[in-house]
Amino acid sequence: MTKDDDMNRIFSGIQPSGHLTLGNYLGAIKNWGALQNTHECLFCIVDLHAMTVPQDPQALRQATREVAASFIAAGINPQKSALFVQSHVSGHSELAWILGCFTPLGWLNRMTQFKDKAGKNREHACLGLYAYPVLMAADVLLYKATHVPVGEDQKQHLELARDIAGAFNRHFGVDYFPLPEPLIQGPAPRVMSLRDGTKKMSKSDPSDFSRIHLLDDADSIVLKIRKAKTDPEPLPAEIKDLEHRPEARNLVTIYGALAHKSPQDVLKEFAGASFSIFKPALTEIIVSVLGPIRTETLKLLQDPLMIDACLKEGKERACGLSEKNLSEVHKLVGFLAA
Ligand code: TRP
């Protein structure tokens, strides 16, 4: 596919809440780096989404730069792709308002993420948390993105973005917004918590031992893998025998993703090995992949002005598209030209 091809535009976003994890790297960032060779890509640090839960302003600022630095260190080329901050392009909020006027409450009430996050305390949950999926739809539709790499947990939100795009198009009798498709890429493994193999590895889990951060040094990685939950059995020869061993399966999956091997091939190599053999091998490969990314990220963070300059360039590119599309939307809905 060629660049500047409106038929093929990728948008994805990541929240600057907390430090990025190995899960973010293997599940998203690593693949994004590959996509930019074949597609026009926009990668957005979604700070407006992050503030749907309380954030410390200083920490938010730091996390935003840190995410940008880690992206660049992990292979996102800001010359190729637009790497930018959501709040820098006001079109996101503006389109979210407009799209919100085409989103029935019934659709939002179905969103499982809202139900999980609001819990029993629904009356106290903020409007932002409820409207979160509308903002996400706006992120994607603002650029008329056609493909969105998302994890399993965001599929329902992307489905909603398609529904909202369809509702808008039907209302005005146009074929304006493309219906964005989820992009399921090759082996993008779901990396689970190191403490509980049935839960996703998450930036926001209270336990630091549940995850590996992209900025963890070798000593912390050694410790976290040593402490990672397992079971007393040695590794089996067949992947199906890991079905009821979520923690073991997770570690095998992580090893495979880092070694560019299928989990089955990892078992070929380690069948019969105990965790006292497998864990050091796993630690070694994690350190060998994350070490250089960490070094590069820390180097970039020494020069925050350079990071800000990259983000400004990304903002300008994003604004070019966003302004054009928003003015078309204004026309469609009947706003008077300014
Ligand atoms: N909601 C996504 C997440 O938490 C982040 C996100 C915001 C996003 N806007 C997006 C992802 C647009 C893809 C496309 O993971």
Side-chain angles (χ1 to χ4, degrees), residues 9-32 35-36 39-53 55 60 63-64 67-68 70-71 76 81-96 99-100 103 108 111-118 128-165 177-185 188 190-191 200-205 211 314 318 321-322 325:
R9 181 173 292 141
I10 286 181
F11 182 99
S12 201
I14 200 154
Q15 297 193 39
S17 49
H19 303 291
L20 294 178
T21 69
L22 181 63
N24 298 126
Y25 175 69
L26 289 176
I29 308 168
K30 182 175 172 227
N31 298 318
W32 296 2
L35 282 173
Q36 54 184 357
H39 296 75
E40 179 188 3
C41 295
L42 296 121
F43 297 124
C44 187
I45 305 172
V46 291
D47 51 355
L48 298 171
H49 278 105
M51 72 181 298
T52 55
V53 295
Q55 299 289 339
L60 181 62
T64 304
V67 170
S70 292
F71 271 32
I76 305 279
S81 303
L83 172 60
F84 67 105
V85 178
Q86 190 183 28
S87 64
H88 290 178
V89 182
S90 57
H92 291 256
S93 313
E94 191 180 330
L95 185 61
L99 296 178
T103 309
L108 292 178
M111 296 295 114
T112 53
Q113 182 176 293
F114 175 74
K115 287 190 230 175
D116 290 348
K117 287 202 177 171
L129 195 63
Y130 190 59
Y132 176 118
V134 182
L135 178 61
M136 184 163 155
D139 293 342
V140 174
L141 300 178
L142 182 59
Y143 303 99
K144 298 196 188 183
T146 52
H147 294 85
V148 182
V150 280
E152 203 55 47
D153 61 322
Q154 295 297 317
K155 274 207 189 136
Q156 192 187 33
H157 287 161
L158 192 62
E159 203 49 53
L160 182 81
R162 290 167 61 86
D163 289 344
I164 296 175
F177 289 123
L179 305 189
E181 310 255 2
L183 194 74
I184 312 293
Q185 287 179 284
R190 205 165 136 75
V191 177
K200 189 177 140 180
M201 183 180 283
S202 158
K203 301 195 214 79
S204 50
D205 190 295
R211 62 184 160 253
L321 283 170
S322 121
N325 293 344

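Small disclaimer: the values here were computed from a predicted structure and weren't measured. When a ligand or atom number is given, it counts from 1 through the structure's own listing order. Just the heavy atoms: all of them, side chains too, but no hydrogens, waters or symmetry mates, feed the values below.
Using modelled atom types, one side-chain atom of Thr52 and one backbone atom of His49 make a donor-acceptor pair closer than 3.5 Å. Side-chain atoms of His92 do not come within 3.5 Å of backbone N or O of Leu135 as any donor-acceptor pair. Side chain of Arg211 to main chain of Met201: no donor-acceptor pair is present (N/O by atom type, distance under 3.5 Å, no hydrogens or angles).
Contact annotation: the side chain of Ile10 never approaches that of Trp32 to less than 4.5 Å [non-hydrogen atoms, C-beta and beyond].
For ligand 1, the polar-atom distance check against Asp153 finds no nitrogen or oxygen pair separated by under 3.5 Å.
Nearest protein heavy-atom contact of atom 5 (C) of ligand 1 is Gly13 O, 3.6 Å. Nearest to atom 12 (C) of ligand 1 among the protein's heavy atoms is Phe11 CE2, 3.5 Å. Shortest contact from atom 15 (O) of ligand 1 to any protein heavy atom: Gln154 CG, 3.6 Å. Taking atom 9 (N) of ligand 1 as the reference point, the nearest protein heavy-atom neighbour is Asp139 OD2, 2.6 Å. The shortest contact between atom 14 (C) of ligand 1 and any protein heavy atom is with Val148 CG1, 3.5 Å. In terms of protein heavy atoms, atom 1 (N) of ligand 1 is closest to Tyr132 OH, 2.7 Å.
Atoms of ligand 1 found under 4.0 Å from any heavy atom of Gln15 (numbered from 1 in listed order, with element): 4 (O). Counting atoms of ligand 1 from 1 in the listed order, those under 4.0 Å from a heavy atom of Val140 are 12 (C), 14 (C). Set against the non-hydrogen atoms of Val46, the atoms of ligand 1 under 4.0 Å away are 7 (C), 9 (N). Within the listing of ligand 1, atoms 7 (C), 9 (N) sit less than 4.0 angstrom from a heavy atom of His49. Of all atoms in ligand 1, numbered sequentially from 1 with element shown, those under 4.0 Å from a heavy atom of Ser12 are 13 (C).
Here the closest non-hydrogen pair linking Leu99 and Leu141 is CD1-CD1, 3.9 Å. When every heavy atom of Pro149 is checked against every heavy atom of Phe11, the shortest pair comes out as CD-O, 3.5 Å.
Defined by atom type and a distance below 3.5 Å, a donor-acceptor pair is missing between the side-chain atoms of Gln113 and Asp153.
The structure places CG of Leu42 at 6.0 Å from CG of Leu321, a figure rounded to the nearest 0.5 Å.
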